[in-house]
Number of protein chains: 2
Amino acid sequence: MASVDRTLVADLPLFAGLAPEQLDELLREAQSVRYPKGMTVFQQDAEAHSFFVLLHGHLRVYKLTPDGQQVVVRFVSAGEVFGVAMAIGRTTYPATAVAVVDSIALVWPSVAWPRLIAKHPTLAVNTLQTVGSRLQDAHARVVEMSTEQVERRIAHALLRLAQQSGRKVEAGVEIDFPISRQDVAEMTGTTLHTVSRVLSAWEDRGFVAGGRQKITILEPHRLFVLAEGGLP
Amino acid sequence: MASVDRTLVADLPLFAGLAPEQLDELLREAQSVRYPKGMTVFQQDAEAHSFFVLLHGHLRVYKLTPDGQQVVVRFVSAGEVFGVAMAIGRTTYPATAVAVVDSIALVWPSVAWPRLIAKHPTLAVNTLQTVGSRLQDAHARVVEMSTEQVERRIAHALLRLAQQSGRKVEAGVEIDFPISRQDVAEMTGTTLHTVSRVLSAWEDRGFVAGGRQKITILEPHRLFVLAEGGLP
DNA sequence: CGGGAAATTGAGTCGGTTCAAAAACGGTGG
DNA sequence: CCACCGTTTTTGAACCGACTCAATTTCCCG
C-alpha cells in the first residue's frame, strides 16, 4: 500500500500549520481505502475504530431513529475530516456514513488519535474549528426548522448543498452527486411528496431544473430571496 | 480584584488534566465578573472580545432571526465554558447570552486564547469535547424536530432540562431557574399556546406540576415513556 | 392594591401530511 | 435494440395537528 502524496492533502484545513515532515509522518500511519458506491463506511452505534479524511467522492451521513426513520445529518465532500467520534469523547459512531458515489478515504485507527494530538496539538485546534463550524450548521438548521415553513427550509437546504457540493454548469449550479427527493426531505424534516411538489413549482417558475436524482439551480439569487423570506 | 480559588474550579471539565500551577497561571489572567439577572453577557454578531466559564447562576442563550423571532440555543449552567467563538473560528458571537438569575463568570480576553492553547494544548482538547457534545445535542434536536410531533419534543426538552439543570425536591425534579412556557416553545419550535396546553394536560395526568416560570417533573419515567413514543 | 407579565383556554383555519395511484426514468438482459 | 422491471417522481384528494386569533384569568412585584 503506497504512501499518499503529501501535495494531495497539504492544503486541507485539518493539516493547516503542520510542517511537511510532520504531515509525512501522519500520512505514513494512514491507510488509503476505496469505498464503492453504496458501501457503508461506518455504522451508527458501532465501535469507533477509525477516523477519516475523504480524498475523493461523497458520503451521505444519516441517523436512524428507533422507529426506523432516517434523518440526513450532512453530505461529506472531498477534503473533509469525518468519523472523529473519539475526538469528541465518544467510543461509538453517532451516525451511519454511506458512499453515494465511488469514494476514497484516508483512514487512521482511533487509538492513534490521543498520541497524534499529543504530538501535533495543531490537529486538535484544527479539528475544533471543523467541529465548531458543524455546530453552527446544526444550529442554523435548528433555527430554520423552528421558524421557517417548508418551502423556505428546502430553499436553504438546496443553497447549502450548492455551496458545499455545487458544480458550475452552463445552465447554473448542479449538485454534483446523486440526490433524491427523499434525501432532501430527510434533510429538511418533511416528506418526499412535499419536496416533489415544491421542486415542481420551482421548475415551473424556472428557478431550478430537476431530473432523476439530480437538481440544478438555475436562479441562485431568486432562490436566495425566497429562502430569506422574499414574497412567494 | 482577588484571584479565584483554584479549588473552586479544579474539577471543571475544561481544566481536566492541568497541573495546579498551570491552573493558577490561567486563573491569574481571568477576571471574575458579576451579571445581575436580566443583564446581557454578550450579544449576537458583536465582536467576540471574551470567552467565559460560568461560576454561578444560569444563562439563556438564544438566536434572533432577521424577522425578530427568538430560538433558544441552550441554557448554560455553572461550570460550563461558553462564548468560545474564537476557538471555533469566529470573530463574532453567534448568539446572545442573558443572565436568567444573578450570575458570576470567569472572563478571559479572546486574544489570549491562541497563546493559552499553545501553552496548554489540553485546553483545546477539552474544549473539543465540550463542543463535540454540544454538536451531538444539536443533532439530537434536529432529529427530534424532523421526526417527532410537538408533545414528544416538549417531553424531550423537559427531560434534557431536568438532566442539565434539575434540582431534586420532595415531589420530584424541578428546573432550578425561572423558565416560561415561551422559553420552552422557543426550545422546541412551537408556540407558547401549545406548550401551555400540553403542560396543562400533563398536569391533569400528574406527570408534572406547573407554576409561574416554574416546572417540576413529578413522574420522570412516565415522561420518558411518552418522549420515546409510548402510547399517549 | 394596582399594573403588567405570564398562563390558560376556546374556536376557526390551514400547511403539510397521509393515503392512493399513476407516470417517468434508467438500467438490464434477452 | 427493444421490452421489462424496480426505483424514483409526480400529482390528486382527504384529513388533521398545530398555529393563529381572541379573550380571560392568574399570579407576582412594586
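Below, read A as the first sequence line, B as the second, and so on, with proteins coming before strands; counting in each chain starts at 1. Just the heavy atoms: all of them, side chains too, but no hydrogens, waters or symmetry mates, feed the values below.
One can place CG of L199(B) at 14 Å from P of dA18(D), the figure rounded to the nearest angstrom. If you take CD of Q149(A) and P of dT13(C), they are 18 Å apart, rounded to a whole angstrom. One atom, CE of M145(A), and another, P of dC19(D), lie 13 Å apart when rounded to the nearest Å. In this structure, E148(B) atom CD and dT17(C) atom P are separated by 16 Å, rounded to whole Å. The CG atom of D204(B) sits 12 Å away from the C1' atom of dT8(C) (whole-angstrom rounding). The separation between E203(B) atom CD and dA6(C) atom P is 18 Å, rounded to whole Å. Distance, K214(A) NZ to dT7(D) P: 21 Å, rounded to whole Å. Spacing between atom CZ of R152(A) and atom P of dG15(C) amounts to 15 Å, rounded to whole angstrom units.
Defined by atom type and a distance below 3.5 Å, a donor-acceptor pair is present between the side-chain atoms of H58(A) and D176(A). With 3.5 Å as the limit, one finds no donor-acceptor pair spanning the side chains of E219(B) and W202(B). Side-chain contact of S77(B) with S165(B): a donor-acceptor pair under 3.5 Å is present, judged by distance alone. Inspection of the T130(A) and T127(A) side chains reveals no N or O donor paired with an N or O acceptor under 3.5 Å. Between the side chains of Q129(A) and R90(B), no donor-acceptor pair of N or O atoms lies under 3.5 Å.
Contact check of residues 189-196 of chain A against DNA chain C (heavy atom, cut-off under 4.0 Å) returns G189(A), T190(A), T191(A), H193(A), T194(A).
Geometric assessment of R60(A) against the ring of Y62(A) yields a positive cation-pi assignment under the 6.0 Å and 45° thresholds.
The shortest distance between the side-chain N/O atoms of R181(A) and the OP1/OP2 oxygens of dT8(D) is not below 4.0 Å. Distances shorter than 4.0 Å separate none of the side-chain N or O atoms of R212(A) from OP1 or OP2 on dT8(D).
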Distance-only donor-acceptor pairs under 3.5 Å for side chains of residues 45-52 of chain B, two or more places apart:
none

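For R197(B) against dA18(D), a side-chain-to-base donor-acceptor contact under 3.5 Å is absent.
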